[in-house]
Amino acid sequence: MVVITLQRNKCIGCNYCVELAPKQFQMSKKDGKSVLLHAIDKKGFFTLKSNDEHILEDSHNASKACPVKIISVKSV
């Protein structure tokens with residue numbers, strides 16, 4: 001299982017996550033911040049749990065590229 005967490009309120013809208021993992025992230029047209037698709041919000045932390053191991057590499061690359069380090073990716 002892959003667990004991805006996004007701390008959205010600290011997003012600066014650089015778009016790296018969308019470029020590297022477009023199946024998991026998109027940019028909001030309302031505020032220009034990243035949105036973790038199909039995620040559950042708990043106090044500003046958006047979390048996606050998926051059994052699809054194919055998203056691990058792209059999500060990990062997005063996490064490494066994020067300049068404000070607000071994306072966490074774990075394989076459980």
**Study point:** From CA spacing to verdict: side chain to side chain contact (heavy atoms under 4.5 Å, CB included), Ile71, Tyr16
**Key:** CA-CA 11 Å; Ile71 302 170; Tyr16 288 147; over 6 Å; no
Exercise for review: I would like to know whether Gln26 and Leu37 meet side chain to side chain contact (heavy atoms under 4.5 Å, CB included); could you show each step before the answer?
Suggested key: CA-CA 7 Å; Gln26 70 181 35; Leu37 301 174; 3.5 Å; yes
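The structure places NE2 of His38 at 14.0 Å from CZ of Phe46, a figure rounded to the nearest 0.5 Å. One distance of note links NZ of Lys74 with CG of Leu56; it measures 13.0 Å at 0.5 Å rounding. Taken from CD1 in Ile55 to NZ in Lys23, the straight-line distance is 10.0 Å, to the nearest 0.5 Å.
By the salt bridge (Lys or Arg N to Asp or Glu O under 4.0 Å) test, Asp31 pairs with Arg8, sequence neighbours left out. By the side-chain contact (heavy atoms from CB on, under 4.5 Å) test, Asn15 is found to be paired with Val18, Glu19, Met27, residues two or more places apart in sequence or in another chain being considered.
Taking each heavy atom of Glu53 and Met1 in turn, the nearest pair found is OE2-N, 2.9 Å.
Exactly one of Leu6, Leu36, Asp52 qualifies for a side-chain contact (heavy atoms from CB on, under 4.5 Å) with Gln24. That residue is Leu36. Across Pro67, Ser34, Cys66, a single residue satisfies side-chain contact (heavy atoms from CB on, under 4.5 Å) together with Cys14, and that is Pro67.
With Lys33 contributing its side chain and Ser28 its backbone, the two residues share no donor-acceptor pair below 3.5 Å.
Within the structure, no pair that satisfies the salt bridge (Lys or Arg N to Asp or Glu O under 4.0 Å) test touches residues 54-66, not counting sequence neighbours.
Val73 and Val68 fall within the same hydrophobic cluster, defined by Ile, Leu, Val, Met, Phe, Trp and Tyr side-chain heavy atoms under 4.5 Å apart, directly or through other members. Hydrophobic clustering, with ILVMFWY side chains joined whenever heavy atoms are under 4.5 angstrom apart, groups Ile12 together with Ile70.
By the 6.0 Å contact criterion, NZ on Lys69 is enclosed, its count of non-hydrogen atoms from other residues, nucleotides or ligands being greater than 12.
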